[in-house]
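For reference, the structure is listed below as structure tokens.
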Amino acid sequence: MAPSESGMRVRFAPSPTGALHIGGARTALYNWLLARHSGGTMVLRIEDTDRERSTPENVAQILDALEWLELDWDEGPHSQAALGERHREAIARLVANGHAYEHEGAVRLRVPAGGTTTVHDVIRGEIVFEHAAIDDFVIARSDGSPLYNFAVAVDDRDMGITHVVRGEDHLSNTPRQLMVIKALGAEPPVYAHLPLLHGPDGKKLSKRHGAASVQELREQGYLPEAVRNYLALLGWGADASTTFFTTEELVERFSLERVSRSPAVFDEQKLRWMNGRYMRELPLEELTRRLEQRLGRGGLRAAAEISQEKMQTLAEFEPLAGFLVERRPFDEQAWSKVMKDGAHERLARARGALEAVEPFDSAGVEIALRGLVDELGVKPNKLFQPVRVAISGSTISPGIFESVALLGRDETLERIDAALEHA
RNA sequence: GCCCCCAUGGUCUAGUGGCCCAGGACGCCUCCCUUUCAAGGAGGAGAUCGCGGGUUCGAAUCCCGCUGGGGGUACCA
């Protein structure tokens, strides 16, 4: 580890405009990885100098999202608005020493007429901005309240931030912040501007692109560890072939030097695939715990066990295995697709075979049903699908033997009877 | 308008002058397995490395121009 990377003080500074977006989540993750990797400090600061937007509910949503992602912080959350004292003090100082001046009630920073300001960006190298292209910008409103570009610079200085890691949308404003820091006579932090995240249409990621916020990802049944892994790979890669990283490995291997410069598109299909892999590797106890917590009920262990390898998200448990928990109506499309060409008769025969199974476990059910298949001389699915529709209401379910065994003899026979009558 | 950033298959990426007529992953297609759906296994299609000039014995890799995309330019953050 390079000396400069030891004990980094980083900050995640979202403006509370509502749900935490995926782009913000990635920024938070990268900052968190850097703090943990360097044995440093993660500061959480809420950029709430914009009155209206900064409601307590919005702030709560951000904290909630970070907690779900299991990204903890060491300091904060600080409210930028609450730091007004420091800001006003700094403004007064700049006005006093001529670095800023009052104009129509507002205060503007004096930008040198000539020369340049260079941003040293870890990811992009040196970026030179001509002062000629930057106007004297307002740092305080006429009511005295500070503006973003000013407050950020002051806060980063006051909080001793060593590395500012944020989205590329802040790059163009960096020279302004650098000028404030310089006017204040402070040392600038190291900057790293992350490439933005885009939607499938190439435009900036937004709600229009499906799951765009952390809370939506949670609702859709994604696992936080899978989301972390996927997000880490959106703009960063450790090598040519590693795709799966435990969080410990991410902490160990993540580095700003390997962050890419071009924008990335959030691909939910790949997240789904990755999430499925994490789902299958979850210990059964853990999978059960998460499903039960999500559904607000217990007793799901057995159902979770026979469904685990078939789910890509926690949300898929219900459509796949909900029938194990609660009887549900027949899906008419499934019904008409399966219950034809003598299916009714075969279902009746299956009922008979199951009635006699002893013991009524998955192995016993399999022997009985396969035996009947041989006896009838039909393709297995000619018998299994009608049974599946009868007990689950649909054509999709976990393994049929396991499902039947789990339901138990009485429940299974009742459902088959209901199906026989339904016809 | 002006300023800044970016540019490898549909997507995420590896690649920093020869090992690349470009590697991995998702997705897609085919086959296998198979009780459905997934999963898994084996193959396959898909990239003139945005375009045009250079530099060099040699360029995805360096330079210039262009085009395209994105961001900024507020008494928003």
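So you know, we letter chains A, B, ... as the sequences are listed, proteins then strands, and number each from 1.
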Using a strict threshold of under 4.0 Å (side-chain N to carboxylate O), is an ion pair present between [Y] and [X]?
| X | Y | value |
| --- | --- | --- |
| A:E249 | A:R253 | no |
| A:E355 | A:R351 | yes |
| A:R124 | A:E257 | no |
| A:R93 | A:E89 | no |
| A:K310 | A:E316 | no |
| A:E285 | A:R301 | yes |

Taking any heavy-atom pair under 4.0 Å as a contact, classify [X]: base, sugar-phosphate, or nothing.
| X | answer |
| --- | --- |
| A:I400 | base |
| A:R176 | sugar-phosphate |
| A:E168 | base |
| A:A264 | sugar-phosphate |
| A:F129 | sugar-phosphate |
| A:G235 | sugar-phosphate |
| A:E104 | base |
| A:Y230 | nothing |
| A:D121 | nothing |
| A:S262 | sugar-phosphate |
| A:E47 | sugar-phosphate |

Below 4.0 angstrom from OP1 or OP2 of [N], is there any side-chain N or O of [X]?
| X | N | answer |
| --- | --- | --- |
| A:R124 | B:G71 | no |
| A:R370 | B:U35 | yes |
| A:S260 | B:U13 | yes |
| A:R258 | B:U13 | no |
| A:R388 | B:C37 | no |

[N] versus [M] - spacing of their [atom1] atoms, nearest Å:
| N | M | atom1 | answer |
| --- | --- | --- | --- |
| B:G68 | B:C51 | C1' | 10 Å |
| B:C28 | B:C37 | P | 15 Å |
| B:G70 | B:G65 | P | 22 Å |
| B:A22 | B:U16 | C1' | 15 Å |
| B:G15 | B:C21 | C1' | 16 Å |
| B:G27 | B:G44 | C1' | 14 Å |
| B:G41 | B:U34 | C1' | 13 Å |

Between [options], which nucleotide has the shortest distance from any of its atoms to the side chain of [X]?
| X | options | value |
| --- | --- | --- |
| A:V265 | B:U11, B:A77, B:G40 | B:U11 |
| A:R280 | B:A77, B:G40, B:U36 | B:G40 |
| A:P263 | B:C6, B:A77, B:U36 | B:C6 |

Which residue lies more 5' along RNA chain B, comparing A:E257 with A:L234 via nearest heavy atoms: A:L234
5′-ward residue of the pair A:R261/A:L147 relative to RNA chain B: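 Closer to the 5' end of RNA chain B: A:R261.
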For A:R166 and A:V152, what are the C-alpha separation, side-chain angles and deciding distance, and is it a side-chain contact (heavy atoms from CB on, under 4.5 Å)? CA-CA 12 Å; A:R166 73 228 301 197; A:V152 173; 3.9 Å; yes
For the rings on A:H163 and A:Y30, is their centre-to-centre separation under 6.0 Å? no
Is there a Watson-Crick or G-U wobble partner for [N] with both distances under 3.5 Å, and which nucleotide is it?
| N | value |
| --- | --- |
| B:U67 | B:A7 |
| B:U55 | none |
| B:C31 | B:G41 |
| B:A14 | none |

Can you measure A:L324 atom CG to B:C37 atom P for me and round it to whole angstrom units?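 Those two atoms, CG and P, are 18 Å apart.
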Record whether the side chain of A:K310 comes under 3.5 Å of the base of B:U36 through a donor-acceptor pair of N or O atoms. yes
For the base of B:C3, is there a side-chain donor-acceptor partner from A:S172 under 3.5 Å away? no
